[in-house]
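Atoms within each ligand, like the ligands themselves, are counted from 1 in listed order. Residue numbers run from 1 in the order of the sequence given.
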Amino acid sequence: MNPFSDYALLDALLSSIAVLSPEGRIVWANRSFCRLSEQPLENLTGLPLPQALTLAPPYPEDEAGAPLPPEDFTQHLLEHAATCPAECLLLRAGRAELSYAMIGCVSLLPDGHRLLELKENAQAHNLHQQLYEQARRDALTGLLNRQSLQMLLHELHQNTADARGYALLLLDIDRFKVLNDYYGYEVGDEILLALGYHAAGLLDEGQSFGRWSGHEFLCVLPGFDLNRAQIVAEKLRLALKDRFQDDELLPEGGPRELTLSIGVAAWRPEDRSPQFLLSRANAALFEAKHRGRNRTVTDDKCRGDSIFIAAGLLHDAIREGRLLPAFQPIVELSTRRVVADEALARLITPDGTIKPAGLFIEAASQLQLAHRIDIAIIEQTIQHCSTAPFSGIAHFVNISADLLRQREGTDRIMELMQLGCNRCGLEGAAVKPLVIEITEREMLNDTREALDVLRPFIDFGLRLAVDDFGSGYSSFRYLVDLPISFLKIEGELARHAATDRRVRAIIRGIQAIADDLGLITIAEHIEDEATADTLRDMGVAWGQGYLFGRPELASAPCILPR
Ligand code: C2E
Ligand code: MG
Ligand code: MG
């Protein structure tokens, strides 16, 4: 007969009860205790208490304020809680998180056995809930954090079997970094807080909104297809823009507009994980930025590939030599004589489609593959110019920040340059035909560091050009810190020279700086005669654009059999 059959009555109680031997081993436990320890009574019998349950104090216990280790705490509970109950937390073995908040109470039985009773403590339970909530929330905005969003997506994805699907909106505050740098972190934090506050009030029940990364937010819409999700995205974008305006978050005296770009992606049956949607939403967001920000783009309207697809394409293309330079002429505007060309990367897909750099270069940077593209393009450019009859024109090449960070990359380019120049008998020439284009987007933060990396090229006789000048805020610094020879005026600016008086004022300013510093200006994206003439009359020296010639591959792409 079970000597503890009397205790069987305790099975009916809600609290978790165990009978412990004088040595602290479990002699018997009620059903609730077995549930709590996740073990059947047979396994529990004979186990020392700490092996059945890990109990820990909910607050620092020793004099130094450090919590007692769980073993010591259990001992403490058994020794001292005979009369007064102690608060404790139940830690699940092997998992870091708290899973229960208890109150422990030990009664002495006549035969030296002890009865341990664990009850849920509402207050401690609330604390536990609070800690759990805190772990799910972003500390600044109080929104769901990335981890919670990932869990939510995972669950939602597993439940898409009911074919209702779900959609994602990836929101990004336009030019947040610039605003943050300009106005300071406090204003930046205010913007993030305001976004979270307003967005939460604009969504319906069942829709979730959280902070995905620094200034990116994710909205999860269960049961939504692409069209309906786009409507929600536009509603959010416009409403948030209005609220931002009402809030007057940005102090006077600098950029005042606060806008959002949104990428939308909806579940497709072929999506094997939420990662596929996320990467499409990311590509759509990138496209929204590329089209001028302050807009919503859906994943079916993306020009670029999602990073997932781009990664596969790029790795294969690099390995199989399917990255080729296309050369676009650069002319002197006063004579229309070709004075230079720019090598632009083209990716040839296995079926022979030619993808321009604009579709993959951003993904390549994110995947830290851009330097491999640079090396492939520069190598072929040098090859091309050193084998073709000497034309005397300059060859502009684009380089990425990745390349500047890789010693092997810059060494390799130097080596190729020396070989090419030797072949052309240019080793002694003070100025070499290659010009390195750097963009603000691609530059290192520290221009002195950039100068250190570029120094061997400059000493060798290569010249530097600032690409897309006028698109950012800090490229003026390059003019001070780096020995620049060319200023390429950003296409979006240059293309409006004939039609917009304000654009002309800006270009006149750029030209005055260039004249003062002895730099050659090159206007990009010239597509019509009126623009070419206007720019020429304003003193811009050289021009590049579809009017003078599109980028053309030097040789027909050779498609390797796969
Ligand atoms: P970018 O260096 O400013 O090059 C000019 C871009 O404008 C090229 O796009 C060119 O095809 C396009 N373009 C030229 N004329 C016109 C025009 O009249 N109208 C319009 N709308 N566009 C014109 P692409 O080739 O797609 O390259 C995009 C960007 O990708 C380049 O901008 C450059 O920043 C980057 N890139 C290109 N090749 C490389 C490379 O080998 N390495 C690195 N790191 N970046 C590259
Ligand atoms: Mg360029
Ligand atoms: Mg450019």
(request) Under 4.0 Å, heavy atoms only, figure out whether ligand 1 is touched by the backbone of Ile361, its side chain, both or neither. (result) side chain
(request) Run the numbers for me: atoms of ligand 1, each under 4.0 Å from some heavy atom of Gly545, listed by number. (result) 15 (N), 18 (O)
(request) Look at the side chain of Gln380 and the backbone N and O of Ala376, then say whether any donor-acceptor pair between them is shorter than 3.5 Å. (result) yes
(request) Give the atoms of ligand 1, by number and element, whose distance to some non-hydrogen atom of Asp374 is under 4.0 Å. (result) 40 (C), 42 (N), 43 (C), 44 (N)
(message) Regarding Thr439, does it place an N, O or S atom less than 2.8 Å from the Mg ion (ligand 2)?
(response) no
(request) Determine whether the side chain, the backbone, both or neither of Lys488 has a heavy atom under 4.0 Å from any heavy atom of ligand 1. (result) neither
(message) So if I count the atoms of ligand 1 from 1 in the order they appear, which ones are less than 4.0 Å from some heavy atom of Glu437?
(response) 2 (O)
(request) Find, among atoms of Asp468 that are N, O or S, the one nearest to the Mg ion (ligand 3), and state its name. (result) OD1
(message) Show me which atoms of ligand 1 lie under 4.0 Å from any heavy atom of Pro551.
(response) 11 (O)
(message) Using a 4.0 Å cutoff against the non-hydrogen atoms of Asp467, which atoms of ligand 1 qualify?
(response) 1 (P), 2 (O), 3 (O)
(request) Restricting to N/O/S, name the atom of Asp467 that gets closest to the Mg ion (ligand 3). (result) OD1
(request) Looking only at distances, please establish whether an N/O atom of ligand 1 is found under 3.5 Å from an N/O atom of Ala345. (result) yes
(message) Salt bridge check, Asp533 against Arg336: does any charged N sit closer than 4.0 Å to a carboxylate O?
(response) yes
(message) Less than 4.0 angstrom from a charged side-chain N to a carboxylate O is my criterion; do Arg175 and Glu257 meet it?
(response) no
(message) Just to be sure I read this right, does ligand 1 sit under 4.0 Å from the backbone of Gln544, its side chain, both, or neither, counting only heavy atoms?
(response) neither
(request) Could you check which of Ile375, Leu359, Leu403, Leu344 puts a non-hydrogen atom nearest to atom 4 (O) of ligand 1? (result) Leu344
(request) Could you tell me whether Glu287 and Arg291 make a salt bridge, using a distance below 4.0 angstrom between a side-chain N and a carboxylate O? (result) yes
(message) Using a 3.5 Å cut-off on N or O atoms only, is Thr439 in polar contact with ligand 1?
(response) no
(request) Determine the minimum heavy-atom distance between Phe244 and Ala194, stating which atoms define it. (result) CE2-CB, 4.1 Å
(request) Select the closest option to atom 28 (C) of ligand 1 among Ala370, Gly358, Ala364, judged by heavy-atom distance. (result) Gly358
(request) Mind telling me whether Trp542 and Phe396 have parallel, tilted or perpendicular rings, with 30° and 60° as the class edges? (result) perpendicular
(request) Any chance you could measure Leu278, atom CG, to Leu168, atom CG, to the nearest 0.5 Å? (result) 5.5 Å
(message) Taking 4.0 Å as the limit for heavy-atom contacts, which would you say applies to Ile377 with ligand 1: side chain only, backbone only, both, or neither?
(response) side chain
(request) Search all heavy atoms of Ala394 against all heavy atoms of Arg463 and return the closest pair with its distance. (result) CB-NH2, 4.0 Å
(message) Need the ligand 1 atom indices (1-based, order shown) with element for anything under 4.0 Å from a heavy-atom of Ile399.
(response) 44 (N)
(request) Decide, yes or no, whether a salt bridge links Lys289 with Asp174 under the criterion of side-chain N to carboxylate O below 4.0 Å. (result) yes
(request) For ligand 1, indicate whether the residue Asp468 contacts it via side chain, backbone, both or neither (heavy-atom separation under 4.0 Å). (result) side chain
(request) Write the atom name of the N, O or S atom in Glu524 that is nearest the Mg ion (ligand 3). (result) OE2
(request) Considering only NZ, NE, NH1 and NH2 on the basic side and carboxylate oxygens on the acidic side, decide whether Asp225 and Arg228 come within less than 4.0 Å. (result) no
(message) Looking at Arg504 and Ala497, would you say the former's side chain and the latter's main chain have a donor-acceptor pair under 3.5 Å?
(response) yes
(message) Nearest 10°: the angle subtended at the Mg ion (ligand 2) by Glu437 OE1 and Glu342 OE2?
(response) 100°
(request) Given side-chain hydrogen bond (donor to acceptor under 3.5 Å, both in side chains), test Gln418 with Asn422 step by step and report yes or no. (result) CA-CA 6 Å; Gln418 276 161 343; Asn422 290 351; over 6 Å; no
(message) I want to know if ligand 1 touches Pro356 in the polar sense, i.e. an N/O pair below 3.5 angstrom.
(response) no
(message) Counting only heavy atoms from other residues, nucleotides and ligands, does the tally under 6.0 Å from CD of Gln147 exceed 12?
(response) no
(request) Compare His525, Arg346, Glu342, Gln328 and give the one whose heavy atom is closest to atom 11 (O) of ligand 1. (result) Arg346
(request) Mark yes when over 12 heavy atoms from residues, nucleotides or ligands other than Arg372 sit less than 6.0 Å from its CZ; otherwise mark no. (result) no
(request) Measure Glu524 to ligand 1 on non-hydrogen atoms and call it side chain, backbone, both or neither using the 4.0 Å cut-off. (result) side chain
